[in-house]
Amino acid sequence: MLTLEEVHEIDEAVKVVPYKKAACIEALKIVQEHRRWISDESLKEIAAHLDMSAEELDSVATFYNMIYRKPVGRHIVLLCDSISCWVMGYENIRDAVMQRLEINYGETTRDSRFTLLPNPCLGTCDHAPALMIDHDLYRDVTIDQLDDILNRYT
Amino acid sequence: MERPLTEHIRKDHRPLTLREYEQTGGYQSVRKALKEMTPASIQSVVKESNLRGRGGAGFSTGLKWSFVPMDAPKPKYLIVNADEMEPGTFKDRLLLESAPHQLIEGMIVSAFALQADTSFIFLRWAYKEAARNIRFAMQEAYDAGYLGVNILGSGFDLEMHMHTGVGRYMCGEETALLNSLEGKRATPRAKPPFPQVSGLFGKPTIVNNVETLSCIPHIINKGADWFQKLSRTSDAGTKLFGVSGKVKHPGLWELPMGITMRELLEEHAGGMQAGLKFRGALPGGASTDFLVTEHLDVKMDYASIAAAGSRLGTGTMIVLDDKTSVVGFVRNLIQFFAQESCGFCTPCREGLPWIEKILRSLEAGDGEQNDLKLLDFHTKYLGPGNTFCALAPGAMEPLQSALKYFRADFEQYIAAELQTLAQGLPAERKQRLITDISKF
Ligand SMILES: Cc1cc2nc3c(=O)[nH]c(=O)nc-3n(C[C@H](O)[C@H](O)[C@H](O)COP(=O)(O)O)c2cc1C
Ligand code: SF4
Ligand code: FES
């Protein structure tokens with residue numbers, strides 16, 4: 001069941017657009033903010049609330065890479081794998097992160113602390129290599145800093 | 001040297017409060033526009049200023065605006081494209097994080113010129129600090145009466161909303177952006193009808209880049225002539241120019257349109273890192289053609305870079321040095337485009353992964369003799385006119401120019417013995433390839 005709070009937030013988003021369905025991306029964002037990911041059950045409930053079919057909503061949800069249709073960890077590590085970071089050697093950072101967390105791209109640590117994902121250009125290419133954890137951006141990242149950075153997230 | 005867009009940005013990049021911004025002359029253009037000008041007179045100043053869109057395509061802003069029907073019933077929309085996601089591009093981030101009031105001011109004046117009553121900032125999800133700063137600035141602007149109903153007693157109303165995206169490069173393509181704002185997949189729309197006539201929810205809509213709209217207050221305050229004279233060439237204004245890659249001081253600077261690549265690289269970015277040589281650069285983001293040493297004195301403006309065979313694009317340059325693999329560089333770019341293809345049309349959806357595969361096999365030493373021909377073939381097959389939107393042709397720009405300037409780098413991967421092996425391809429496959437390729 002969608003919580004009252006979720007319903008309220010979704011209804012606020014609906015007010016900005018001419019018909020309910022148009023707020024479906026906002027609705028996915030809202031529910032994901034509360035539950036970390038969009039389960040089949042959440043998907044069906046959001047769809048019903050917006051008078052659309054679950055299939056239609058899923059076609060939208062699966063198009064966008066920042067909507068998670070699988071469970072994710074408490075923190076999401078997004079590594080920039082685009083051109084400037086590639087030139088500046090992000091692959092070393094990637095390998096070091098994978099080694100420390102003992103996971104590959106798309107996987108979550110066993111303690112559900114981190115999920116690791118590659119991500120296109122983070123828009124800070126003059127400070128490559130770059131990564132984001134949740135809302136925090138890290139720039140000019142070196143392998144030496146990694147333990148320190150990761151330790152901030154529990 | 002004047003730097004209208006960035007002169008009031010603090011060293012630590014903290015944005016100005018509304019009060020501070022007003023003390024620097026902020027929101028004067030709103031007063032001037034609403035009290036002393038008409039939508040038509042604003043549009044004609046913008047047209048005369050020769051401002052060209054900073055989102056990548058460089059289309060005349062005044063001309064684009066002139067296609068909006070002025071007598072259309074409301075709602076009418078103005079949308080800021082703040083989805084910055086072109087690899088190697090990091091210019092709008094600065095304006096969004098550190099000068100949100102300048103953008104809001106530009107939006108109000110532009111909306112008045114177009115008689116739009118509703119505006120959206122389509123912001124990339126990753127720009128968290130920008131989201132905070134814009135939200136704060138927008139509230140300040142509402143509280144001060146610059147937004148909302150009857151702005152400054154002029155009778156003009158404007159609502160402003162911020163929408164943060166949920167990923168995908170295609171959201172930056174203007175018609176796909178409209179679909180995304182409507183809660184759909186970000187696939188592009190057929191044109192015509194153009195968004196100016198039938199855009200968001202079927203209503204007249206203008207989509208402009210962040211940097212484009214940030215220029216508007218200055219053009220209104222100081223005039224079209226002044227804006228033209230900021231530039232060293234016929235393409236008006238200043239431009240945010242960036243450099244990334246293995247130079248001494250990567251960074252972002254507001255400079256006159258028309259500075260040379262050499263000045264940007266040497267005077268601002270400090271030249272190449274010790275022990276490395278310049279081999280080439282993409283002058284304006286991932287979907288622009290390589291320029292090489294012989295082009296270092298080319299002026300960075302729309303016309304001059306086009307004459308040199310590339311595009312100014314977003315104005316943020318990515319540098320290729322002599323110790324970085326050209327094939328790896330291009331493979332990284334193609335991998336991005338293949339991943340971000342929306343899948344709507346076949347040449348792009350199928351062609352890009354195929355190119356990525358070929359480049360990977362070249363890197364792994366598994367190249368075949370036909371591979372270069374296949375790559376050449378794709379640069380035409382995915383070129384302008386063969387796909388539904390500009391993503392695929394954009395992806396072909398670095399590839400086709402790399403094949404032109406750095407062909408030997410590709411060829412070296414195809415070892416002599418592998419060439420012999422390719423001779424032994426099944427006759428049928430060979431024949432099919434030859435027929436396909438000869439069509440182009
Ligand atoms: C795949 C693709 C992605 C794009 N991404 C952006 C973007 O992130 N920001 C932007 O301003 N323009 C982007 N554009 C260009 C827009 O379609 C459009 O031309 C631009 O927003 C118009 O604004 P302007 O006239 O002020 O430049 C993109 C185009 C394509 C084909
Ligand atoms: S060119 Fe690519 S991104 Fe553009 S519509 Fe076709 S498949 Fe989609
Ligand atoms: S390429 Fe990594 S931040 Fe732009």
Side-chain angles (χ1 to χ4, degrees), chain A residues 13-29 32-33 38 50 52 56-68 78 80-91 117-132 134-137 139-140, chain B residues 75 84-93 118 120 124-129 159 161 163-171 180-187 201 242-246 249-252 269 282 285-286 316 318-321 324 328-329 331-333 335-336 339-340 342-343 398:
Chain A
V14 168
K15 283 186 194 157
V16 178
V17 289
Y19 46 88
K20 280 183 170 181
K21 220 158 77 168
C24 74
I25 292 175
E26 285 301 321
L28 289 166
K29 266 166 34 186
Q32 181 166 289
E33 190 66 34
I38 303 292
L50 297 176
M52 61 198 292
E56 188 178 7
L57 182 60
D58 205 16
S59 85
V60 175
T62 52
F63 184 88
Y64 294 99
N65 58 308
M66 299 312 291
I67 297 295
Y68 305 126
L78 298 164
C80 175
D81 67 353
S82 287
I83 189 64
S84 310
C85 291
W86 179 81
V87 170
M88 302 308 283
Y90 93 87
E91 283 162 326
L117 295 168
N119 200 84
C121 180
L122 289 169
T124 187
C125 327
D126 52 342
H127 292 283
L131 61 86
M132 270 179 92
D134 303 338
H135 288 206
D136 310 322
L137 176 66
R139 322 193 298 170
D140 299 308
Chain B
E84 183 161 81
M85 212 179 135
E86 173 90 0
T89 301
F90 49 98
K91 67 178 185 77
D92 295 338
R93 181 195 273 275
T118 308
F120 285 92
R124 188 177 178 202
W125 64 269
Y127 287 5
K128 306 286 186 193
E129 192 185 332
E159 291 302 327
H161 309 283
H163 173 91
T164 52
V166 275
R168 295 310 294 268
Y169 174 56
M170 271 306 288
C171 290
S180 190
L181 259 185
E182 290 183 10
K184 299 176 184 147
R185 299 164 75 102
T187 51
F201 301 114
V243 180
S244 68
K246 291 193 174 166
H249 309 294
L252 184 70
L282 307 179
T316 43
I318 310 154
V319 174
L320 169 71
D321 60 81
T324 293
F329 192 106
R331 187 258 307 147
N332 178 279
L333 294 169
Q335 174 194 328
F336 165 82
Q339 173 184 307
E340 295 301 325
C342 78

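Everything numeric in this text was worked out from a predicted model, so none of it was measured. Proteins get letters first, then strands, A, B, ... in listed order; numbering begins at 1 in each.
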Heavy-atom side-chain contact between A:V87 and B:D321 under 4.5 Å:
yes
Under 4.5 Å, counting heavy-atom pairs only, tell me which of A:A27, A:C24, A:S59 racks up the most with chain B.
A:S59
Backbone N or O of B:R168 within a donor-acceptor pair of the A:N65 side chain at under 3.5 Å?
yes
Is it the side chain or the backbone of B:L282 that comes within 4.5 Å of chain A heavy atoms, both, or neither?
neither
Structural part of B:T316 lying under 4.5 Å from a heavy atom of chain A:
neither
Taking it one step at a time, do B:T164 and A:M66 satisfy side chain to side chain contact (heavy atoms under 4.5 Å, CB included)?
CA-CA 11 Å; B:T164 52; A:M66 299 312 291; over 6 Å; no
Closest non-hydrogen atom pair between A:V60 and B:G183, with its separation:
CG2-O, 3.6 Å
Under 3.5 Å, side chain of A:D81 to main-chain N/O of B:N332, donor-acceptor pair present?
no
Provide the closest heavy-atom pair for A:G123 versus B:R124 in the form atom of the first, atom of the second, distance.
N-NH1, 4.0 Å
Under 4.5 Å from any heavy atom of chain A, what part of B:T89 do you find: side chain, backbone, both or neither?
backbone
All salt bridge (Lys or Arg N to Asp or Glu O under 4.0 Å) counterparts of A:D58, not counting sequence neighbours
A:R69
Between B:H161, B:E86, B:E84, which residue shows the highest count of heavy-atom pairs closer than 4.5 Å to chain A?
B:H161
State whether the side chain of B:R185 and the backbone N or O of A:F63 hold a donor-acceptor pair below 3.5 Å, judged by distance alone.
no
Is A:L28 in contact with chain B via its backbone, its side chain, both, or neither, using a 4.5 Å heavy-atom distance?
neither
Rounded at 0.5 Å granularity, tell me how far CZ in B:F90 sits from NE2 in A:H127.
8.0 Å
Residue pair A:C121 / B:Y169, side-chain heavy-atom distance below 4.5 Å
no
What are the two closest heavy atoms between A:I67 and B:V166, and how far apart are they?
CD1-CG1, 3.7 Å
Taking every heavy-atom pair that is under 4.5 Å apart, which of B:A269, B:C342, B:G245, B:S180 has the most such pairs with chain A?
B:S180
Can you tell which part of A:L57 gets under 4.5 Å to a heavy atom of chain B, answering side chain, backbone, both or neither?
neither
Can you find a pair of side-chain heavy atoms, one from B:F336 and one from A:I83, that are under 4.5 Å apart?
no
Using a 4.5 Å cut-off on heavy atoms from C-beta on, say whether the side chain of B:I318 contacts that of A:W86.
no
Give, as side chain, backbone, both or neither, the part of A:Q32 having an atom under 4.5 angstrom from any heavy atom of chain B.
neither
A side-chain contact here means heavy atoms from C-beta on lying under 4.5 Å apart; do A:K21 and B:K184 qualify?
no
Where on B:C171 is there a heavy atom nearer than 4.5 Å to chain A: the side chain, the backbone, both, or neither?
side chain
Residue set satisfying salt bridge (Lys or Arg N to Asp or Glu O under 4.0 Å) with B:E159, at least two apart, ordered chain then number -> none
Of all of B:A286, B:G242, B:G328, which one pairs up most often with chain A through heavy atoms under 4.5 Å apart?
B:G328
Give, as side chain, backbone, both or neither, the part of B:E129 having an atom under 4.5 angstrom from any heavy atom of chain A.
neither
Check A:M132 against B:A126 and note the closest heavy-atom contact, atom names and distance.
CE-O, 3.5 Å
Minimum heavy-atom separation for A:Y64 to B:A186, with atom names?
OH-N, 3.2 Å
Are A:T124 and B:R93 packed together at the side-chain level, in the sense that at least one heavy-atom pair is separated by less than 4.5 angstrom?
yes
Under 4.5 Å from a heavy atom of chain A, the part of B:F329 involved
both
